[in-house]
Novice: 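Here you go, one structure.
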Amino acid sequence: MAEPFFDHPYLSGHHAPIRFEADAPDLIVQGQLPDDLAGLFYRNGPDPLYPPREGDYHWFDGDGMVFAFEFADGRVSMRNRWVKTEKFELEKAAGRRLFGIFGNPMTSDPSVQGKRYNTGNTNIILHGGQLLALMEGAPPVALDPRKLDTLHEETYGGLVTSSFSAHPKIDYATREMINTGAAIHGMMGPAEMRYDVVAADGTIRKTEIIPMPHFSLMHTFLLTENWAIFPFIPIDTDLKRFAAGGPMTAWVNDRPTKFAVMPREGTADQIKWFEFEPRHMFHELNVWEEDGKILADVAAANGTALFPDETGARRTHLDTQQSLRRWTIDPNGNTGWIKEEVLNGRDIQFPRPDDRLMTRKSRHSFANINLKSRDGRVEGMDAVLRYDTQTGEEDIWHFGAGAAAGELVFAPRLGSTDEADGYAMTLVHPANSGTSELAIFAAKDIAAGPIARVMIPFRVPSGFHCNFYAEDNPLYQQTLSN
């Protein structure tokens with residue numbers, strides 16, 4: 001069974017699951033850790049416990065595995081744990097995979113019909129005094145913030161019982177978390193999504209139900225100080241298409257991208273709809289308001305290689321490379337008024353700001369990029385970039401051909417308040433290596449290379465999103481200072 005399990009692009013190479021949990025109380029560091037770097041770095045990603053039922057697999061489908069690196073007193077400790085959802089525990093008890101890919105009921109074992117498909121594999125955040133593992137189609141999973149033990153599904157008092165975004169927005173000015181949940185009735189119910197404003201104490205203070213034009217795979221949404229923007233890209237999920245022999249999730253050709261623009265404190269009946277050319281967009285850098293316009297810096301492409309189109313045809317990564325683009329929307333103007341410009345044409349993934357400026361104007365983008373590999377998603381993004389959106393300055397470090405670098409996240413130095421005053425870090429798997437590294441850079445001098453490398457004595461599989469919380473971050477203090 002071992003050979004078929006790993007005979008897939010997203011189950012081999014950088015992506016091959018490790019299928020174990022570990023504790024490392026004092027990792028070796030090459031270079032010098034800064035004295036003013038203290039806090040926790042979390043990373044989430046897929047690590048499937050068992051082979052898929054259908055013989056196929058998708059990168060987004062693996063069981064969640066969270067890594068935590070704690071920086072304190074000039075030392076770094078690490079542990080990793082699976083997100084032990086009901087799905088995980090049912091399959092572990094059975095000794096085999098029970099759920100179809102993405103929880104497809106048509107290919108799931110009868111024993112789990114009606115059970116929740118929750119992998120908790122996409123993002124990992126602090127809010128409301130909890131560490132939350134997130135995925136698109138289920139409530140968050142609360143974990144112990146240091147031990148990483150799975151505690152419970154967080155339903156916010158029974159208000160969130162279906163989908164929850166993997167990319168909620170934390171507004172540091174208010175400490176609120178703004179969240180969406182797409183297709184809240186499932187794929188067979190009415191096409192509606194949920195918009196929630198979660199107060200700093202973790203209670204939901206506002207909810208809106210918003211109509212969806214189709215069952216779009218809306219991985220993220222856009223938020224400013226006064227506006228919420230919901231992008232419905234051409235990718236959708238369609239069980240009827242799947243039952244007819246087509247792909248369950250697909251890019252629908254010639255379908256426009258639709259934007260629902262709503263006042264952040266508004267209601268669904270205040271939404272204004274905009275249309276634009278077909279675009280793939282799963283991740284934004286930052287979004288803010290300027291001169292009455294909404295400016296959204298996003299990683300976008302004119303198509304996708306992640307899923308086939310509705311006919312089953314697939315495009316290549318080369319044909320669908322993302323670039324850093326700026327969308328300008330006039331929320332008070334004509335419904336067709338959207339402008340797009342390319343800020344940086346490199347093959348980019350996961351652009352991030354200094355998170356403290358989320359929803360407010362920022363200029364520095366931290367991202368992983370692809371310089372040498374043919375397909376950065378499969379073979380690995382082999383470099384990292386800081387890009388200044390005001391000056392166009394590039395600041396790049398290449399880890400070498402065949403390396404795989406994860407999301408580059410900003411880590412503020414203790415006591416800092418200025419944008420990008422601190423460090424940036426990313427998990428890296430060097431080519432053909434049995435080990436991985438957590439590479440730490442001076443945030444404004446990426447090209448100088450890592451100032452420290454935290455050596456991990458095994459390979460960490462490629463994953464998704466990460467976050468760093470400094471000890472003086474209010475979210476850290478609310479959760480970990482007890």
Novice: Roughly how far apart are Phe464 CZ and Arg43 CZ, rounded to 0.5 Å?
Specialist: 9.0 Å

Novice: Filter on side chain to side chain donor-acceptor pair (under 3.5 Å), then keep only pairs touching residues 446-455, sequence neighbours left out; what's left?
Specialist: Glu437-Arg453

Novice: Are the side chains of Phe468 and Pro412 in touch, meaning some heavy atoms are under 4.5 Å apart?
Specialist: yes

Novice: Verify salt bridge (charged side-chain N to carboxylate O under 4.0 Å, His left out) between Arg360 and Asp171, making sure each step is shown before the conclusion.
Specialist: CA-CA 9 Å; Arg360 306 312 197 264; Asp171 187 335; 3.1 Å; yes

Novice: Quick one: pull up CG in Leu131 and CG in Leu475 and give me the separation to the nearest 0.5 Å.
Specialist: 11.5 Å

Novice: Once side-chain hydrogen bond (donor to acceptor under 3.5 Å, both in side chains) is applied, do any residues pair with Asp355, and if so which ones, sequence neighbours excluded?
Specialist: Arg352

Novice: Under 3.5 Å, is there a donor-acceptor pair between the side chain of Asn179 and the main chain of Ser165?
Specialist: yes

Novice: Could you grab the distance from atom CD1 of Ile396 to atom CZ of Arg386, nearest 0.5 Å is fine?
Specialist: 10.5 Å

Novice: Under the 3.5 angstrom rule, does the side chain of Arg459 hit a backbone N or O of Ala16 as a donor-acceptor pair?
Specialist: yes

Novice: Indicate the atoms forming the closest heavy-atom contact of Pro234 with Thr257, along with that distance.
Specialist: CD-OG1, 3.7 Å

Novice: Go through the steps for Phe307 and His58 under the test ring-ring contact (aromatic ring centres under 6.0 Å, His included), then give the verdict.
Specialist: CA-CA 9 Å; Phe307 299 96; His58 194 282; 4.8 Å; yes

Novice: Would you please name every residue forming a side-chain contact (heavy atoms from CB on, under 4.5 Å) with Arg116, sequence neighbours left out?
Specialist: Glu86, Asn118, Ala138, Pro139, Glu153

Novice: When you measure from the side chain of Thr359 to the backbone of Leu223, do you find a donor-acceptor pair of N or O atoms at a distance under 3.5 Å?
Specialist: no

Novice: Locate the shortest heavy-atom distance separating Gln477 from Asp472; write the atom from each residue and the value.
Specialist: NE2-CA, 3.5 Å

Novice: Going by heavy atoms in the side chains, are Phe399 and Asp382 under 4.5 Å from each other?
Specialist: no

Novice: Quick one, Lys444 with Asp395, criterion salt bridge (charged side-chain N to carboxylate O under 4.0 Å, His left out). Give me CA distance, side-chain angles, the key distance, then yes/no.
Specialist: CA-CA 8 Å; Lys444 292 184 180 178; Asp395 190 8; over 6 Å; no

Novice: Less than 6.0 Å separating the ring centroids of Phe221 and Tyr195?
Specialist: no

Novice: Would Glu225 and Lys361 count as a salt bridge (charged side-chain N to carboxylate O under 4.0 Å, His left out) here? Give the steps.
Specialist: CA-CA 10 Å; Glu225 186 176 358; Lys361 184 176 182 179; over 6 Å; no

Novice: Please name the pair of heavy atoms, one in Tyr387 and one in Leu343, separated by the smallest distance, quoted to 0.1 Å.
Specialist: OH-O, 2.7 Å

Novice: Any side-chain to backbone donor/acceptor pair from Glu21 onto Trp82? Under 3.5 Å, distance only.
Specialist: yes

Novice: Under 4.5 Å between any side-chain heavy atoms of Ile235 and Thr249, yes or no?
Specialist: yes

Novice: Ignoring hydrogens, what is the shortest heavy-atom contact between Asn302 and Trp251? Give both atom names and the distance.
Specialist: O-CZ2, 3.5 Å

Novice: Sequence neighbours excluded, which residues qualify as ring pair (Phe, Tyr, Trp, His ring centres under 6.0 Å) partners of Tyr423?
Specialist: none

Novice: My understanding is that only residues two or more places apart in sequence, or in another chain, count here; which of them pass side-chain hydrogen bond (donor to acceptor under 3.5 Å, both in side chains) with Thr220?
Specialist: Lys169, Glu284

Novice: Identify the heavy atoms of Leu427 and Leu438 that sit nearest to each other, and give their distance.
Specialist: N-CD1, 4.0 Å

Novice: Under a 3.5 Å distance rule, please check whether His14 uses its side chain to pair with a backbone N or O of Gly402 as donor and acceptor.
Specialist: yes

Novice: Mind checking the CZ-CD spacing from Arg325 to Glu341? Nearest 0.5 Å is all I need.
Specialist: 11.5 Å

Novice: From the options Phe67, Phe41, Phe350, select the one residue that forms a ring pair (Phe, Tyr, Trp, His ring centres under 6.0 Å) with His465.
Specialist: Phe350

Novice: For Asp201, which residues count as a side-chain hydrogen bond (donor to acceptor under 3.5 Å, both in side chains) partner, sequence neighbours excluded?
Specialist: Thr203

Novice: Would Glu70 and Arg79 count as a salt bridge (charged side-chain N to carboxylate O under 4.0 Å, His left out) if you check the C-alpha gap in whole Å, the side-chain angles of each, and the deciding distance to 0.1 Å?
Specialist: CA-CA 9 Å; Glu70 185 163 10; Arg79 62 167 36 99; over 6 Å; no

Novice: Determine yes or no for a side-chain-to-main-chain donor-acceptor pair under 3.5 angstrom, with Ser362 supplying the side chain and His364 the backbone.
Specialist: no

Novice: Give a yes or no on whether the backbone of Lys339 and the side-chain of Arg326 come within a donor-acceptor separation of less than 3.5 Å.
Specialist: no

Novice: So, using ring pair (Phe, Tyr, Trp, His ring centres under 6.0 Å) as the criterion, who are the partners of Tyr57 when residues are at least two apart?
Specialist: His8

Novice: Find the distance between CG (Asp421) and CG (Asp354) and round it off to the nearest 0.5 Å.
Specialist: 9.0 Å

Novice: Return the set of residues passing side-chain contact (heavy atoms from CB on, under 4.5 Å) with Asp330 (not counting sequence neighbours), or none when no residue passes.
Specialist: Lys293, Asn332, Trp337

Novice: Do Val384 and Phe441 touch side chain to side chain, with heavy atoms closer than 4.5 Å?
Specialist: yes

Novice: Is Glu176 paired with Lys206 through a side-chain N to carboxylate O contact shorter than 4.0 Å?
Specialist: no

Novice: Test of understanding: with ring pair (Phe, Tyr, Trp, His ring centres under 6.0 Å), list the residues that count as partners of Phe410, not counting sequence neighbours.
Specialist: Phe366

Novice: Going by salt bridge (charged side-chain N to carboxylate O under 4.0 Å, His left out), Arg81 matches just one of Asp144, Asp63, Asp23, Asp47. Which one?
Specialist: Asp23

Novice: With sequence neighbours left out, write down each residue that passes side-chain hydrogen bond (donor to acceptor under 3.5 Å, both in side chains) with Asp61, or none if nothing qualifies.
Specialist: Arg97, Tyr117

Novice: Working to the nearest 0.5 Å, report the span between CG of Leu324 and OG1 of Thr389.
Specialist: 8.0 Å

Novice: Kindly list each side-chain donor-acceptor pair under 3.5 angstrom involving residues 26-33, sequence neighbours excluded, with atom names and distances?
Specialist:
from, atom 1, to, atom 2, distance (Å)
Asp26, OD2, Arg75, NE, 3.0
Asp26, OD2, Arg75, NH2, 2.7

Novice: Where do Pro140 and Leu134 come nearest, in terms of heavy atoms and distance?
Specialist: CB-CD2, 3.5 Å

Novice: Using a 3.5 Å distance criterion without hydrogens, assess whether the side chain of Tyr469 forms a donor-acceptor pair with backbone atoms of Leu126.
Specialist: yes

Novice: Do side-chain atoms of Thr426 reach the backbone of Gly406 as a donor and acceptor pair under 3.5 angstrom?
Specialist: yes

Novice: State which residues pass ring pair (Phe, Tyr, Trp, His ring centres under 6.0 Å) with Tyr172; sequence neighbours excluded, sorted by chain then number.
Specialist: none

Novice: Keeping Ser416 on the side-chain end and Asp418 on the backbone end, is there a donor-acceptor pair under 3.5 Å?
Specialist: no

